[in-house]
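The block underneath contains the structure these notes are about, expressed in structure tokens.
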Amino acid sequence: MSNETGSDKFTAINEIARRRGFFWQSYEIYGGVGGFVTYGPLGAKLKQNIERKIRELFVNKLGILEIESSVIAPRKVFEASGHVNHFKEPMIECSKCNKRFRADHLLQEYTKISATETEKMSLEEIKQAIEKNAITCPECGGIFNPPKQFLTMFETTIGPYSAATGYGRPEAAQGIFVEFSRLYKMAREKLPFGVIQIGHALRNEISPRQGLMRLREFTIADLEFFFDPEMPCCHLLKDVESETLTLVLSEKRAKGSEEAISVTVKEALEQKIVSSEWQVFFMAIAKKLLTEIGVPPENQRFIEKLPWEKAHYATQCFDQEVYVDRWGWVEVSGHAYRTDYDLASHMKASGADLCVYKEYETPVEQKQVVLKPVMAKMGPAFKAEATKVADLLLKASAEEVATSLEKNGYYMVENYRILPNHVDFSCQETVVRGKRFIPHVVEPSFGSDRLVYVTLEYAYHVKDDRVLMSFPRTIAPTQIGVYPLVSKDGLVEKAEEMHKLLVNEGFTAEFDETGSIGRRYARADEAGVPLGITIDYDTMSDGTVTIRNRDSWQQVRSPIKDLPELLQKYFKGKIHFEDLGTLLQVK
RNA sequence: GCGGUCGUAGUCUAGUUUGGUUAGGACAUCAGCCUGCCACGCUGACGACCCGGGUUCAAAUCCCGGCGACCGCACCA
């Protein structure tokens, strides 16, 4: 494994990605802009197939709802979600050496001001605090320029001539939370349920320099799973409870160790390593996803975030990481327990009721003392104030009034003295059939582009000095290559016929007649085409073709008429390559 | 944003030190010939000096500025 520039897998993959059209930096004709990529034909297809895999595992199998909401949201949404406050950082620059620092971090380090306090400070307050404490550049001792805010959300105005600020969403999650009421109705008002959204998100990164790993515009798959905190059990846990997870816990990390433990899902819960059943369930599914796109389990792990690393909305948070050649462990998904943070915040900010109502299995009978003002007595006693006093009285606790009357012979509401004959008490039996509460949320969130990158890296192989992209066949951008062995004697026409047949069957097939057969195989290997079907002279006489395996270069011979069914099974992963026909001896 | 290194066809690169004819090669791509299963060979074609300014008779080459890339710093909800 090399870390030298120009010789590692990252470089090799970026090179092949440009050359073969997986992806490249956008706006190249204008010099390119960092943090934006264009997916070419192969990359776009690969990405779609990976996202289809997410849908297969999360949407279809778990009955999760998929939505698509807008990228731009009004300021209020991100004020409520906390992003306006948390997505900006006060930066300060040394006037002498130009080194930059987080102003809040400096204050925390050099003064006794806590992180929660610095968070609330204005730029002016920070400036004053820096001056007051005579903090200078830790590098060179230089004086600091005034602090500036760096907002990592893209800001815009909504509508022409408008002063209405809008932001590009830095995550797709808020698009789900703000639509909660409708979605809950669509889930037939039952918990638990989940909503997923796969779409673009924007983050104005200061330095987005790692290809697909850190983009300013990227695709995120956010799944918000809503459940009743009093019923946190995951009914699907059995499906995954014996699955093993590799975990690096925060307690180890705090001590500077990255030592991982390996536990089953069941053990993780029993030992209270992961607090939420649903969270660990999704972590197990996430492992399955990564495994299916080609990352072996030993190169995957979950790392628990330290308290100061966690997002502002999360209690417990694990990042799923994959080992990559250039950077070591990198995050591909985050698993956060967001509690009721988001819904509660939007409820408060919007005034909309985002509670759900839960009916108890057995209604609870409650005996309640109810107070009733006796207006016939209060009227003469309080005259014009009577109605006001009665209203105040109704807001008071009946129990409290009763106790006070019994004990003192009167009850004071503001300056009014209530006497026993002013009120009547009755005992009312009410049946409470349920309660209202805000659901809790666990969120698995995937970076689609990072999934594409790790897929490419794990598919990348070199065999006999040739590059093979060994994509798992369920996500390969092109499924089948069709080749006439030579371009004469009617083989081309026969191959075209074959190609048409496959396309009509719904396969993604490419026809290639240019160059020698070996060259075409090599070309297809590099594009990650799992199977090559070659039309040769035997095809013309007996209707059979050879099928070549991209990874082993083995070949089988099979009758054309059997192909549609066999290939369907093969690409669903139900049969092996050897089951496609009779194995040929390769010279 | 800072510092270091760098920027020549789709890709890899020669040329830059010491300015000078038509910027050379390889691979890939396309057209044709060839073809009997792993990048064969032959012929031809397409295709580049990151952008802008300056110095000079003359700039890929020297100088300045910009843009971009990589590495490091910082940042990364």
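Here is how names work: the chains are called A, B, and so on, in the same order as the sequence lines, proteins then strands, and each is numbered from 1. Model, not experiment: these values are computed from the prediction.
For the P atom pair drawn from B/rA39 and B/rG44, the interatomic distance equals 24 Å after rounding to whole Å. Taking atom C1' on both nucleotides, B/rC34 is separated from B/rC40 by 10 Å, rounded to a whole Å. Spacing between B/rC6 and B/rU61 at atom C1', rounded to whole Å, works out to 15 Å. As rounded to the nearest Å, B/rG24 and B/rU16 have P atoms that lie 15 Å from one another. If you take atom C1' in B/rC50 and the same atom in B/rU35, they sit 43 Å apart, rounded to whole Å. Spacing of C1' atoms, B/rG47 relative to B/rC27, comes out at 14 Å, to the nearest Å. Nucleotides B/rG25 and B/rU18 are separated by 24 Å at their C1' atoms, to the nearest Å. Of the P atoms belonging to B/rC49 and B/rU8, the separation is 10 Å, rounded to the nearest Å.
Between A/Q25 and B/rA69 there is a side-chain N or O to OP1 or OP2 distance below 4.0 Å. Residue A/S516 has a polar side-chain atom (N or O) positioned under 4.0 Å from OP1 or OP2 of B/rC40. The phosphate of B/rU29 (OP1 or OP2) has a side-chain N or O of A/R519 nearer than 4.0 angstrom. Taking side-chain N and O atoms only, A/R523 has no distance below 4.0 Å to OP1 or OP2 of B/rA39.
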| Would you write out the dot-bracket form of RNA chain B, 5' to 3', with Watson-Crick and G-U pairs under 3.5 Å, [ ] for crossing pairs, | for pairs to other strands and . for unpaired bases? | (((((((..((((......[...)))).(((((.......)))))....(((((..]....))))))))))))....

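Geometrically, A/R473 engages A/Y570 in a cation-pi contact defined by less than 6.0 Å to the ring centre and at most 45° from the axis.
Between A/F22 atom CZ and B/rU11 atom C1' there is a gap of 15 Å when expressed in whole angstrom units. Counting to the nearest Å, the P atom of B/rC50 and the CH2 atom of A/W24 are 22 Å from each other. Taking atom CD1 of A/I16 as the reference point, atom C1' of B/rA28 lies 12 Å away to the nearest angstrom. As a whole-Å value, the separation of A/M153 CE from B/rC76 P is 15 Å. The CZ atom of A/R20 sits 12 Å away from the P atom of B/rA28 (whole-angstrom rounding). Distance A/K305 NZ to B/rC76 P: 11 Å, rounded to the nearest Å. Here B/rC40 presents its P atom at 14 Å from CG of A/L485, a figure rounded to the nearest Å. If you measure from atom CG of A/L584 to atom P of B/rC38, you get 12 Å, rounded to the nearest angstrom.
Ring planes of A/W278 and A/F225: tilted class, angle from 30 to 60°. Between A/Y483 and A/Y521, the angle of the ring planes goes over 60°, which puts this pair in the perpendicular group of the 30/60° scheme.
Between B/rU35, B/rC12, B/rG36, one nucleotide has an atom nearer to the side chain of A/R18 than all others, and that is B/rC12. In this structure, the nucleotide among B/rU35, B/rC37, B/rG10 sitting nearest to the side chain of A/R19 is B/rG10. With distances taken from any side-chain atom of A/R214 to the nucleotides B/rC37, B/rC76, B/rC38, the minimum falls on B/rC76. The side chain of A/D536 has B/rC37 as its nearest neighbour among B/rC37, B/rU11, B/rU35.
Tested against A/K47 for a side chain to side chain contact (heavy atoms under 4.5 Å, CB included), the candidates A/V452, A/L42, A/L451 yield a single pass: A/V452.
Under the stacking criterion of a centre-to-centre distance below 5.5 angstrom and an interplanar angle below 30°, A/Y521 is not stacked against the six-membered ring of B/rA39.
Comparing A/E15 and A/D464 by the nucleotide of RNA chain B whose heavy atom lies nearest to each, the residue mapping closer to the 5' end is A/E15.
Among the protein residues, A/R520 comes within range of no part of the nucleic acid, since none of its heavy atoms lies under 4.0 Å from any strand. Using a 4.0 Å heavy-atom criterion, one finds that A/T514 contacts the sugar-phosphate atoms exclusively.
Side chain to side chain, A/E217 and A/H200 meet the donor-acceptor criterion of an N or O pair below 3.5 Å.
Residues satisfying the side chain to side chain contact (heavy atoms under 4.5 Å, CB included) criterion with A/S350, sequence neighbours excluded, are A/A352.
Between the OG1 atom of A/T544 and the CD1 atom of A/I535 there is a distance of 9.0 Å, given to the nearest 0.5 Å. For the atom pair CD (A/E171) and CD (A/E443), the distance works out to 6.0 Å, reported to the nearest 0.5 Å.
A/H83 has its ring centre no less than 6.0 Å from the ring centre of A/Y167.
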